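Small disclaimer: the values here were computed from a predicted structure and weren't measured.
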Amino acid sequence: FTSTYTSLDAAVANSKNLLLTNHGERPMRPLFGCNLRGVLFDNATDDFIAVMEEQIRSSFKHQLPYVNIKDLVVGTSDINPNQVGIQLSISLIGNEFDTRQIDVTVNADNPAQTTY
């Protein structure tokens, strides 16, 4: 495991963990996670992106209240319909000047991939 030395680095690691976790995966915390892979199999409606964004914002509000989401972009893949790309720009509440970018690809077929 890579060590984190600043609060913002820890928030990035916690954010990726939250995004990539489904409900029921964490013992003793059944509602932890954004449950995004479950949403991938919902019907593709016009408001699919809005539902994903709301689910991410709601999860962050309840699980990581110290993280401020500055920008959130959710996009679908033209090549793979079971894949969603998420780009977050986050900062800590009280320190909005230092930000980090998180890019996550949630794929229903393979484990999620992250970069930051």
Side-chain angles (χ1 to χ4, degrees):
F1 295 102
T2 304
S3 297
T4 57
Y5 296 102
T6 66
S7 298
L8 188 54
D9 289 339
V12 168
N14 292 341
S15 298
K16 290 191 312 185
N17 189 17
L18 183 68
L19 287 168
L20 300 177
T21 304
N22 280 328
H23 293 169
E25 287 184 8
R26 292 273 307 263
M28 308 303 281
R29 294 191 66 193
L31 297 179
F32 183 83
C34 288
N35 207 35
L36 297 179
R37 284 191 301 265
V39 176
L40 287 178
F41 292 107
D42 286 350
N43 292 330
T45 61
D46 293 337
D47 60 292
F48 173 76
I49 300 296
V51 169
M52 290 281 287
E53 289 177 357
E54 179 56 33
Q55 191 156 344
I56 291 169
R57 289 185 190 279
S58 174
S59 294
F60 269 79
K61 180 181 175 186
H62 294 297
Q63 302 295 333
L64 301 177
Y66 56 90
V67 174
N68 179 33
I69 297 176
K70 288 189 157 196
D71 294 315
L72 173 60
V73 178
V74 178
T76 57
S77 171
D78 293 333
I79 298 169
N80 186 352
N82 293 331
Q83 184 175 344
V84 173
I86 301 166
Q87 293 181 336
L88 283 171
S89 178
I90 65 166
S91 66
L92 298 176
I93 300 291
N95 182 5
E96 284 77 22
F97 298 109
D98 294 330
T99 62
R100 289 290 192 321
Q101 177 83 20
I102 303 171
D103 296 326
V104 177
T105 301
V106 180
N107 190 342
D109 301 329
N110 297 319
Q113 303 168 355
T114 62
T115 59
Y116 63 109

Under a single-linkage definition using a 4.5 Å side-chain heavy-atom cutoff for Ile, Leu, Val, Met, Phe, Trp and Tyr, are [X] and [Y] assigned to the same hydrophobic cluster?
| X | Y | result |
| --- | --- | --- |
| Leu88 | Ile49 | yes |
| Tyr66 | Ile90 | yes |
| Leu31 | Met52 | no |
| Val73 | Val67 | no |

To the nearest 0.5 Å, tell me how far [X] [atom1] sits from [Y] [atom2].
| X | Y | atom1 | atom2 | value |
| --- | --- | --- | --- | --- |
| Asn35 | Ile56 | CG | CD1 | 11.5 Å |
| Leu19 | Thr105 | CG | OG1 | 11.0 Å |
| Ser58 | Glu53 | OG | CD | 13.5 Å |

Could you tell me which non-hydrogen atom of [X] sits nearest to which non-hydrogen atom of [Y], and how far apart they are?
| X | Y | answer |
| --- | --- | --- |
| Lys70 | Ser91 | CE-OG, 3.7 Å |
| Asn22 | Leu36 | OD1-N, 3.4 Å |
| Asp9 | Arg100 | OD1-NH2, 3.1 Å |
| Leu72 | Arg57 | CB-NH2, 3.6 Å |
| Ser15 | Ile102 | CB-CD1, 3.7 Å |
| Ser89 | Gln101 | CB-OE1, 4.0 Å |

| said: Once side chain to side chain contact (heavy atoms under 4.5 Å, CB included) is applied, do any residues pair with Ile93, and if so which ones, sequence neighbours excluded? | reply: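 Testing Ile93 for side chain to side chain contact (heavy atoms under 4.5 Å, CB included), a comparison that skips the adjacent residues, returns Asn68.
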| task | Kindly write out the residues that satisfy side chain to side chain contact (heavy atoms under 4.5 Å, CB included) with Arg26, not counting sequence neighbours, or none if the list is empty. | result |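 Side chain to side chain contact (heavy atoms under 4.5 Å, CB included) check on Arg26 returns Asn17, Thr21, Arg29, Phe32.
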| query | For Asp78, does the CG atom have more than 12 heavy-atom neighbours from other residues, nucleotides or ligands under 6.0 Å away? | reply |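 Atom CG in Asp78 is not crowded, with 12 or fewer foreign heavy atoms closer than 6.0 Å.
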| task | Assess whether side chain to side chain contact (heavy atoms under 4.5 Å, CB included) is satisfied between Asn14 and Phe60, documenting all intermediate values. | result | CA-CA 10 Å; Asn14 292 341; Phe60 269 79; over 6 Å; no
| query | Okay, side chain of Glu96, backbone of Gly94: is any donor-acceptor separation there less than 3.5 Å? | reply | yes
| message | Taking salt bridge (Lys or Arg N to Asp or Glu O under 4.0 Å) as the definition, give me every residue that meets it alongside Glu25, ordered by chain and number, with sequence neighbours left out. | response | Arg37
